[in-house]
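Accompanying notes for the structure given below.
Source: prediction; values computed, not measured.
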Protein chains: 4
Amino acid sequence: MPRTAGSRGARTAAAIRRAGLKLIARHGFAAMNLRELAAEVGIQPGSLYNHIETKQALLFDLIREHLDSLLASTEAALSAAPPDPLAQLRAFAAHHVLYHLEKRQEVYIANFELRALDAANYGRIIILRQAYEARLTALLEAGDQAGELTVADPPVTAFALLAMLTGVCTWYRPGGRLSKATLVALHTDLALNGIRRRASG
Amino acid sequence: MPRTAGSRGARTAAAIRRAGLKLIARHGFAAMNLRELAAEVGIQPGSLYNHIETKQALLFDLIREHLDSLLASTEAALSAAPPDPLAQLRAFAAHHVLYHLEKRQEVYIANFELRALDAANYGRIIILRQAYEARLTALLEAGDQAGELTVADPPVTAFALLAMLTGVCTWYRPGGRLSKATLVALHTDLALNGIRRRASG
Amino acid sequence: MPRTAGSRGARTAAAIRRAGLKLIARHGFAAMNLRELAAEVGIQPGSLYNHIETKQALLFDLIREHLDSLLASTEAALSAAPPDPLAQLRAFAAHHVLYHLEKRQEVYIANFELRALDAANYGRIIILRQAYEARLTALLEAGDQAGELTVADPPVTAFALLAMLTGVCTWYRPGGRLSKATLVALHTDLALNGIRRRASG
Amino acid sequence: MPRTAGSRGARTAAAIRRAGLKLIARHGFAAMNLRELAAEVGIQPGSLYNHIETKQALLFDLIREHLDSLLASTEAALSAAPPDPLAQLRAFAAHHVLYHLEKRQEVYIANFELRALDAANYGRIIILRQAYEARLTALLEAGDQAGELTVADPPVTAFALLAMLTGVCTWYRPGGRLSKATLVALHTDLALNGIRRRASG
DNA sequence: AATGAATGAGCTTTCATTCAT
DNA sequence: TATGAATGAAAGCTCATTCAT
């Protein structure tokens with residue numbers, strides 16, 4: 001007779017993912033070890049394998065779920081914004097910063113531990129990541145064609161803006177001098193100003 | 001009897017640093033192993049210890065040398081530029097991008113492997129890094145006070161600009177579509193535009 | 001309330017023994033694991049313990065059942081043969097080869113996995129095995145005394161003949177070049193010729 | 001500067017092979033563990049890997065060396081015997097029994113642990129083993145054609161004789177009731193009698 | 001300055017077995 | 001009787017580091 005939903009098993013699996021995020025973000029994937037992860041969850045190392053396939057598969061799952069979630073919530077944010085290019089871009093930037101501030105662990109892992117993925121998993125993740133980059137590139141091109149932006153090279157500009165907007169989550173700590181809202185506004189302006197079309201000359 | 005400058009020992013030491021940069025940049029510090037490093041150099045693992053103290057000390061040396069070199073060459077670049085705030089900032093940005101494009105391995109390590117440093121080494125490195133960040137922050141404040149820039153929050157803006165200007169070296173590969181000079185110009189403009197004071201209305 | 005004879009439980013128990021024979025014969029006892037056995041049966045590993053005591057007990061049961069069956073069918077074969085020593089021996093050899101060809105998995109396990117038995121179980125099995133060897137030794141002695149055989153050392157000769165007659169099941173595969181009947185005849189002759197009394201000097 | 005020959009390294013490697021033979025013969029390959037092997041040698045488990053590639057490679061090396069040695073010493077024994085078929089066969093059988101009595105551990109492993117070899121290694125070993133079997137098959141065919149033997153099916157007879165002649169090393173213990181020489185004679189006669197041509201009727 | 005061999009601690013993973021449900 | 005989840009021990013193997021030569 002199968003256990004009921006919400007059973008201990010599901011809670012353990014969730015705790016493993018939570019602890020995985022925390023420890024990989026803290027130590028890096030290679031330096032994190034499953035003994036510590038198990039201890040954090042409160043089970044024996046071998047018991048992890050009732051819930052994960054391998055250490056590598058855990059990393060892949062965490063990254064994939066993050067990117068799935070990022071893509072979905074980005075679409076939601078864009079849908080909720082006015083359709084003109086500047087508003088869409090501002091929505092993208094604001095959502096990016098806020099989302100990244102709130103999911104700093106996931107972001108860290110998804111950006112800096114890709115090299116720890118094996119070839120097959122790396123390929124799968126890159127597709128998702130490129131979809132996200134392409135979304136911003138398309139917005140930049142639309143803004144350029146609408147005459148509202150001056151974008152010298154859309155894909156390169158997209159990379160540059162993403163780097164800037166992502167950077168905040170490498171140093172932000174809750175309770176610091178500036179609120180999340182302030183940081184969102186500051187970075188959004190910085191990004192938009194960098195590409196907004198100048199009045200004339 | 002000490003060997004002459006170009007002795008085998010000195011060449012081995014240099015080869016170890018070169019291989020260290022390459023392998024740490026490729027795999028990350030924790031995932032890199034000294035066996036592979038020794039093989040790359042063409043010696044046995046035990047022989048490494050005639051040239052390095054520990055794996056940790058190798059990492060520290062590589063990062064410190066990089067930051068020393070970055071700080072020194074930044075000062076040289078700023079000295080060679082006109083003293084007005086905008087020109088200084090442009091020189092800083094252009095130098096940063098070019099230097100980072102040319103030292104991608106060092107940059108990668110100095111940015112992403114700080115967590116692998118032990119506490120004492122981390123403290124030493126952070127001082128150097130903060131000096132670099134402070135240099136840019138000071139330029140932003142000067143430009144703001146001179147009325148040429150609009151900088152909402154100098155330290156945060158400095159972080160944001162550094163993230164953007166550094167980002168390029170995570171994807172740049174020599175022989176790609178765009179030359180280094182083009183990338184330098186593109187990123188410099190993007191950064192400067194983000195903070196240049198708007199005409200008025 | 002006990003289930004009826006053909007109940008699910010009894011069928012599961014039989015499937016476990018069948019899978020056990022197959023997997024132990026294929027991989028060896030130590031290399032076989034209960035996960036694979038459970039998968040072969042179509043249940044979860046924990047469920048095995050409704051039907052077996054331990055992995056060790058499963059091995060013991062399989063070997064004991066095989067030897068019980070071998071001893072019983074040997075007696076039946078000897079009873080059905082003429083009582084003279086040569087005929088008895090020929091019946092023993094023919095039965096041995098045929099039985100071994102038909103129960104190759106059981107034979108393999110009973111011959112090569114005895115060392116995996118714990119001390120107590122090993123002792124119980126050795127008694128059965130020695131009974132079988134003693135049966136052949138007795139036939140050899142009887143033949144020798146009757147003047148029909150020349151048996152230098154009955155127990156050693158018994159071991160040697162058993163090794164030869166058993167060996168066929170390490171390489172025999174159904175559908176091969178020779179039929180079971182041919183192999184039985186060939187080996188029986190080979191064994192008998194080895195010990196039949198020579199005409200004179 | 002390399003160590004001199006006969007160094008500790010070579011002695012350790014030899015001790016590992018000796019202990020490997022002993023423990024694999026005693027427990028079986030799967031049930032043997034490298035911790036026990038290391039303890040037997042008097043080193044730490046990790047140190048084994050200065051001398052072996054993997055556990056699997058150790059098994060392969062032991063089996064291959066045994067078969068190489070068996071083939072070579074068989075050739076030497078045949079060369080030393082008179083060239084007529086019966087003498088050659090007798091020399092083969094006597095050599096086989098004696099060699100097997102003296103290398104019981106190697107024989108056990110080479111016969112019963114082939115299934116523990118991975119596919120590639122298994123293929124390499126089977127070639128050697130078939131060469132040995134083919135040598136006996138050829139002698140049987142020669143004896144049959146010379147009219148001195150009656151061999152119903154040379155390859156099957158070869159398998160049967162090898163099984164019989166090998167069987168002795170599964171139960172022989174030094175210091176037992178019968179000397180090696182006696183056992184060699186007994187088994188050689190048994191084998192030869194099984195196939196020697198009968199006078200006539 | 002280089003080597004080969006050793007250490008000792010650690011790693012991910014496997015496994016027989018238990019047990020509440 | 002079956003399940004899913006847990007245990008605890010052990011496995012093969014890796015690795016930074018040491019050291020006599």
Side-chain angles (χ1 to χ4, degrees), chain A residues 1-4 7-13 30-38 42-56 58, chain B residues 3 7-13 30-38 41-56 58, chain C residues 3 7-13 30-38 41-56 58, chain D residues 1-4 7-13 30-38 42-56 58:
Chain A
M1 185 169 44
R3 294 285 183 87
T4 54
S7 68
R8 164 156 308 233
R11 265 183 284 130
T12 301
M32 174 208 65
N33 69 74
L34 295 184
R35 275 172 168 69
E36 192 182 356
L37 176 63
I43 59 177
Q44 297 297 317
S47 303
L48 291 172
Y49 288 81
N50 289 318
H51 306 279
I52 67 173
E53 242 177 284
T54 60
K55 192 189 179 194
Q56 165 76 206
L58 172 62
Chain B
R3 299 280 186 92
S7 69
R8 151 135 346 186
R11 265 184 284 129
T12 301
M32 174 207 66
N33 67 73
L34 295 185
R35 274 169 170 67
E36 191 182 356
L37 193 153
V41 174
I43 59 178
Q44 295 300 315
S47 305
L48 290 173
Y49 287 84
N50 290 315
H51 304 279
I52 66 172
E53 241 178 285
T54 61
K55 192 189 179 194
Q56 165 75 208
L58 171 63
Chain C
R3 300 279 187 92
S7 69
R8 152 135 345 188
R11 265 184 285 130
T12 301
M32 174 207 65
N33 68 74
L34 295 186
R35 274 167 171 68
E36 192 182 356
L37 193 154
V41 173
I43 60 177
Q44 297 299 316
S47 305
L48 291 173
Y49 288 82
N50 290 315
H51 305 279
I52 66 173
E53 242 177 286
T54 60
K55 191 187 178 195
Q56 165 76 207
L58 172 62
Chain D
M1 183 170 49
R3 295 286 184 85
T4 53
S7 67
R8 164 157 307 234
R11 264 182 286 130
T12 302
M32 173 208 64
N33 70 76
L34 296 185
R35 276 169 169 72
E36 191 182 357
L37 177 61
I43 59 178
Q44 296 298 315
S47 303
L48 291 172
Y49 288 83
N50 289 319
H51 305 279
I52 66 172
E53 244 177 282
T54 59
K55 192 189 179 195
Q56 164 78 205
L58 172 61

Nucleotide by nucleotide, 5' to 3', does protein get under 4.0 Å of the base (B), only the sugar-phosphate (S), or neither (-) in nucleotides 8-13 of chain F, counting heavy atoms?
S--BBB
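- Partners of B:Q56 by side chain to side chain donor-acceptor pair (under 3.5 Å), not counting sequence neighbours, listed by chain and number: B:N121.
- The side chain of B:T12 contributes an N or O atom lying less than 4.0 Å from OP1 or OP2 of E:dA2.
- D:I43 pairs by the side chain to side chain contact (heavy atoms under 4.5 Å, CB included) definition with D:T12, D:I16, D:A38, D:V41, D:S47, D:L48, not counting sequence neighbours.
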Structure string for DNA chain E in dot-bracket form, Watson-Crick and G-U at under 3.5 Å, | interchain:
.||||||||||||||||||||
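- Residues passing the side chain to side chain donor-acceptor pair (under 3.5 Å) test with D:E36 are D:H27, sequence neighbours excluded.
- Taking CD from D:E53 and CG from D:L58, the interatomic distance works out to 11.0 Å, rounded to the nearest 0.5 Å.
- B:E36 places its CD atom 10 Å from the P atom of F:dA16, with the value rounded to the nearest Å.
- In this structure, A:K55 contributes its side chain and A:M32 its backbone to a donor-acceptor pair below 3.5 Å.
- The two atoms that bring A:T54 and A:Y49 nearest to each other are CA-CE2, 4.2 Å, heavy atoms only.
- With rounding to whole Å, B:L48 atom CG is found 10 Å from F:dA16 atom P.
- Going from atom CZ of D:R8 over to atom C1' of E:dA5 covers 9 Å, rounded to whole Å.
- Among the nucleotides E:dT7, F:dA2, F:dA6, the one closest to any side-chain atom of D:N50 is E:dT7.
- Taking CD of D:Q44 as the start and CZ of D:R35 as the end, the distance is 10.0 Å to the nearest 0.5 Å.
- Between A:L37 atom CG and E:dC11 atom C1' the separation is 14 Å, expressed in whole Å.
- Proximity of D:H51 to the phosphate of E:dG4: no side-chain N or O atom is located under 4.0 Å from OP1 or OP2.
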